[in-house]
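Let me begin by presenting the structure, written as structure tokens, before commenting on it.
Atoms within each ligand, like the ligands themselves, are counted from 1 in listed order. Computation of the quantities below employed the complete heavy-atom set of this structure, encompassing side-chain atoms and omitting hydrogens, waters and symmetry-equivalent molecules.
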Amino acid sequence: MLKALLLENVHPHAVSILGSAGIEVDARPGALDESDLIDALSGVHLLGIRSKTQVTETVLEKASDLLAIGAFCIGTNQIDLVSSAGRGIAVFNAPFSNTRSVVELALAEIVALTRRLTEKNKSLHEGVWDKSADGSHEVRGRRLGIVGYGNIGSQLSVLAEAMGMSVGFFDTADKLALGNARRYTSLEDLLDWADVVSLHVDGRPGNAGLFGEAQFARMRPGSIFLNLCRGFVVDHEALRDHIVSGHLVGAAVDVFPHEPNKRGDEFVSDLRGLPNVILTPHIGGSTEEAQEDIGRFVAGKLRGFLETGSTTLSVNLPPLNLEQAPGTHRLAHLHRNTPGVLATVNRILAEHGVNIEGQLLNTRGELGYVVTDVPGVLSDDVLAALQAMPETVCLRQLG
Ligand SMILES: NC(=O)c1ccc[n+]([C@@H]2O[C@H](COP(=O)([O-])OP(=O)(O)OC[C@H]3O[C@@H](n4cnc5c(N)ncnc54)[C@H](O)[C@@H]3O)[C@@H](O)[C@H]2O)c1
């Protein structure tokens, strides 16, 4: 029986989708460290995680039964994608399910910080009636600078304009500006212009320390800073200095370089206790709507990969989806992408008198993936011949 291990409170939808496919599911609340994860993966075919669990080369090397990993979140840099691809382990994520949740939190924080709601709220809870307009602004007409104009950044752009903000953005890729947003060709120019700077870049290693002392110093006096993307992108000591000096009048931070492993653990940060700073525990994408959609989406991808070999939207294998003709059996062959592999696969099948009913090949970098539909179950000698090909990375016969 196939087994799945789901960590970090993955939504129950995932448990029921995998369970209804006949997979035995072990769902646990927290993340596991490297050695506990290695132990827990023995005999496990599917692993489901969110952003805390690190799936390293060492873990993958020991996880001999693992077929696929579901990242029940957007980011996948907690997984060694190259190593997993080289072992034929497919990785799926949910690139779009919580986009809207992050955008709504960013908008709420922009309004809250611009009106200094955190301080008004705190004072009133302490019994102080601080009715004053000082330092409190409308967001209408203010300038929002978005760094990283991907799924989240571009949707924030549209909704912020709907609230009357002027939007500018900087992205290293050539992105289409939506609505009236203006594209800036350098981060510095964007920082010179914006009243509010919101980071939405991806978690590629090159973005470590993207925003530090020089960038905070470049921001306009009296401006506001938000980071809802990845913690390691920002130097928090520099952010603290610029809040304490009054150069920045507010900040909202949802992601941190070192985040506690589980609910209830102590949170340690330079940013604690600062005025007009909203700290949230990496909940940008954590709404019930998003979690439900992520659970459904990623579990569906894992199930599809097991049952049909579909790698559509996989982040590390060649993407491929072939409709299976009724009554056929399917062979999924992942191989090193060198000339002549497809010809060899087909020669082996022909030599054993196996007719091909349908076939699709795709490649991604050093890997090729071919799915072949044949009329009946393949004999052991055909499978052995295919397995013995020097280019074979992984071979699966599906129903
Ligand atoms: N806080 C949360 O709970 C939460 C939830 C979901 C996503 N996220 C994070 O939000 C971020 C954005 O997600 P997305 O789905 O929009 O990603 P995306 O891949 O669609 O967009 C990222 C964009 O950033 C751009 N980019 C990368 N490096 C850049 C740089 N140095 N300067 C300028 N542009 C750069 C890319 O070209 C791309 O357009 C990711 O880091 C993701 O992990 C956080």
Side-chain angles (χ1 to χ4, degrees), residues 8-9 11 49-54 71-79 81 91-110 145-160 167-178 181 183-191 194 197-212 214-215 218 225-235 251-257 259-260 263 278-295 297-298 313 315:
E8 303 185 58
N9 269 328
H11 195 274
I49 59 168
R50 291 170 69 191
S51 52
K52 293 277 176 308
T53 307
Q54 300 294 315
F72 287 79
C73 51
I74 292 187
T76 52
N77 58 336
Q78 70 279 39
I79 302 167
L81 295 179
V91 178
F92 297 94
N93 66 341
F96 319 116
S97 298
N98 62 5
T99 303
R100 181 57 176 243
S101 302
V102 179
V103 170
E104 289 190 9
L105 181 62
L107 284 173
E109 291 178 334
I110 291 168
I146 298 173
V147 184
Y149 204 65
N151 295 317
I152 293 173
S154 58
Q155 193 169 153
L156 175 61
S157 169
V158 172
L159 295 188
V167 176
F169 70 89
F170 168 67
D171 196 297
T172 43
D174 202 2
K175 296 284 174 157
L176 175 72
L178 300 180
R183 178 166 199 263
Y184 282 80
T185 51
S186 82
L187 178 58
E188 288 70 27
D189 288 350
L190 183 75
L191 300 182
V197 173
S198 194
L199 302 189
H200 300 285
V201 300
D202 54 62
R204 68 184 75 177
N207 281 338
L210 171 73
F211 222 91
Q215 290 68 34
R218 188 88 186 212
F225 173 80
L226 283 86
N227 182 19
L228 291 90
C229 67
R230 288 278 163 155
F232 66 81
V233 169
V234 174
D235 176 348
V253 182
D254 185 48
V255 286
F256 304 87
E259 296 181 1
R263 232 171 155 172
I278 300 175
L279 300 180
T280 46
H282 203 148
I283 50 158
S286 301
T287 60
E288 292 185 12
E289 289 80 1
Q291 291 311 315
E292 187 175 326
D293 198 66
I294 289 172
F297 186 89
V298 179
L313 290 183
V315 292

Can you tell me which portion of [X] lies within the under-4.0 Å heavy-atom range of ligand 1? Options are side chain, backbone, both, or neither.
| X | value |
| --- | --- |
| L187 | neither |
| I74 | side chain |
| L210 | side chain |
| V102 | side chain |
| F170 | both |

Check this for me - ligand 1, [X], N or O atoms closer than 3.5 angstrom, yes or no?
| X | value |
| --- | --- |
| V255 | no |
| V201 | yes |
| G285 | yes |
| S286 | no |
| D254 | yes |

Can a donor-acceptor pair be found between the side chains of R230 and N77 at a distance below 3.5 Å?
yes
[X] heavy atoms, cut-off 4.0 Å: which ligand 1 atoms fall inside?
| X | answer |
| --- | --- |
| G284 | 1 (N), 2 (C), 3 (O) |
| K175 | 39 (O) |
| H282 | 1 (N), 2 (C), 3 (O) |

Just so I know, are the side chains of [X] and [Y] near enough to count as touching, which here means a heavy-atom distance under 4.5 Å?
| X | Y | answer |
| --- | --- | --- |
| H200 | V103 | no |
| L178 | Y149 | yes |
| L156 | L107 | yes |
| I294 | H11 | no |

Those residues at least two apart in sequence (or on a different chain) that pass salt bridge (charged side-chain N to carboxylate O under 4.0 Å, His left out) with E259 are K52
Specify the protein heavy atom at minimum distance from [atom]: its residue, its atom name, and the distance to 0.1 Å.
| atom | result |
| --- | --- |
| atom 34 (N) of ligand 1 | T172 N, 3.3 Å |
| atom 15 (O) of ligand 1 | N151 ND2, 3.4 Å |
| atom 43 (O) of ligand 1 | R230 NE, 3.1 Å |
| atom 12 (C) of ligand 1 | H200 O, 3.4 Å |

Given the rule in the side chain to side chain contact (heavy atoms under 4.5 Å, CB included) test, do V298 and N93 qualify, once you have shown the distances and angles that lead to the verdict?
CA-CA 6 Å; V298 179; N93 66 341; 5.6 Å; no
Where do A290 and N98 come nearest, in terms of heavy atoms and distance?
CB-CB, 3.4 Å
Give the minimum heavy-atom separation between A252 and E109, together with the two atoms involved.
CB-OE1, 3.3 Å
In short, salt bridge (charged side-chain N to carboxylate O under 4.0 Å, His left out) pairs touching residues 281-290 with sequence neighbours left out are none
The reported gap from CD1 in I283 to CG in L228 (rounded to nearest 0.5 angstrom) is 9.0 Å
Which is closest to [atom] in terms of heavy atoms, [options]?
| atom | options | result |
| --- | --- | --- |
| atom 8 (N) of ligand 1 | L156, N227, L228 | L228 |
| atom 24 (O) of ligand 1 | G148, G203, S51, P281 | G148 |
| atom 39 (O) of ligand 1 | D171, L199, T280 | D171 |
| atom 10 (O) of ligand 1 | V147, I152, N98, N93 | I152 |

Classify the angle between the aromatic ring planes of F211 and F225 as parallel (below 30°), tilted (30 to 60°) or perpendicular (above 60°).
tilted
Under 4.0 Å from atom 20 (O) of ligand 1, do we find at least one protein heavy atom?
yes
Working for side chain to side chain contact (heavy atoms under 4.5 Å, CB included), residues F256 and L279:
CA-CA 10 Å; F256 304 87; L279 300 180; 4.2 Å; yes
Cationic N near anionic O, under 4.0 Å, D171 to R183
no
Are N207 and ligand 1 in contact, using a heavy-atom cut-off of under 4.0 Å?
yes
